[in-house]
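Heads up, the thing below is written out as structure tokens.
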Amino acid sequence: MTKQEIKAEIEIINNRLNKADEYFKNLDLIEVDNTKEWKVVLSLIKRAAYLQGLLNEMEVQNA
């Protein structure tokens with residue numbers, strides 16, 4: 001992946017996480033940990049963390 005592809009995917013993930021934040025704010029559920037939607041949010045967070053780490057590593061190698 002190129003830096004531009006990584007940055008683009010991180011931006012898409014951030015947009016999706018912002019939408020998820022609004023979704024969960026409007027939810028009346030107290031227990032959301034086992035919902036399908038929450039599991040998707042967790043996978044998005046893990047993917048974003050991985051991509052950010054990859055981007056940081058690329059920048060360190062190019063410095």
Side-chain angles (χ1 to χ4, degrees):
M1 290 181 94
T2 66
K3 280 186 179 182
Q4 291 77 21
E5 290 172 329
I6 293 171
K7 287 179 181 181
E9 188 171 342
I10 288 173
E11 188 172 331
I12 290 168
I13 291 171
N14 283 333
N15 289 337
R16 291 182 70 190
L17 289 173
N18 288 336
K19 289 179 183 178
D21 185 42
E22 287 300 315
Y23 172 79
F24 284 108
K25 281 182 183 175
N26 295 322
L27 211 57
D28 287 336
L29 293 176
I30 295 172
E31 282 289 326
V32 297
D33 290 348
N34 293 324
T35 62
K36 169 175 59 171
E37 294 84 359
W38 183 247
K39 291 176 183 175
V40 169
V41 168
L42 290 178
S43 69
L44 287 170
I45 292 169
K46 288 178 185 177
R47 178 69 178 168
Y50 166 76
L51 289 171
Q52 187 63 54
L54 187 62
L55 187 62
N56 291 346
E57 188 177 310
M58 290 172 85
E59 289 176 355
V60 166
Q61 288 177 356
N62 292 332

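Note that this is a predicted model, so its numbers are computed, not measured. FYI, the numbering just counts along the sequence from 1.
Counting heavy atoms of neighbouring residues, nucleotides and ligands inside a 6.0 Å radius, atom CD of E11 does not exceed 12 of them.
Screening D21, L44, V41 for a side chain to side chain contact (heavy atoms under 4.5 Å, CB included) with R16, the sole residue that qualifies is L44.
With rounding to the nearest 0.5 angstrom, the CG atom of N56 is 11.5 Å from the CD atom of Q61. The CG atom of L17 lies 13.0 Å from the CZ atom of R47; values are rounded to the nearest 0.5 Å. Once rounded to the nearest 0.5 Å, the distance linking CG of N15 with CD1 of I10 reads 12.0 Å. Within the model, atoms CZ of F24 and OG1 of T35 stand 4.5 Å from one another, a figure rounded to the nearest 0.5 Å. Rounding to the nearest 0.5 Å gives a distance of 11.0 Å between CD of E59 and CD of E57. Within the model, atoms CG of N14 and NZ of K7 stand 13.5 Å from one another, a figure rounded to the nearest 0.5 Å.
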**Prompt:** Can E9 and E5 be said to form a side chain to side chain contact (heavy atoms under 4.5 Å, CB included), step by step?
**Reply:** CA-CA 6 Å; E9 188 171 342; E5 290 172 329; over 6 Å; no
**Request:** Apply side-chain hydrogen bond (donor to acceptor under 3.5 Å, both in side chains) to the pair N18 and E22, showing each step before the final yes or no.
**Result:** CA-CA 7 Å; N18 288 336; E22 287 300 315; over 6 Å; no
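Side-chain contact between K3 and N62 is present, with heavy atoms from C-beta onward closer than 4.5 Å.
Nearest heavy atom pair, residue M58 against residue M1, reads CE-O, 3.7 Å.
Tracing side-chain contacts under 4.5 Å through hydrophobic residues (I, L, V, M, F, W, Y), one reaches I13 starting from Y23; they form part of the same cluster.
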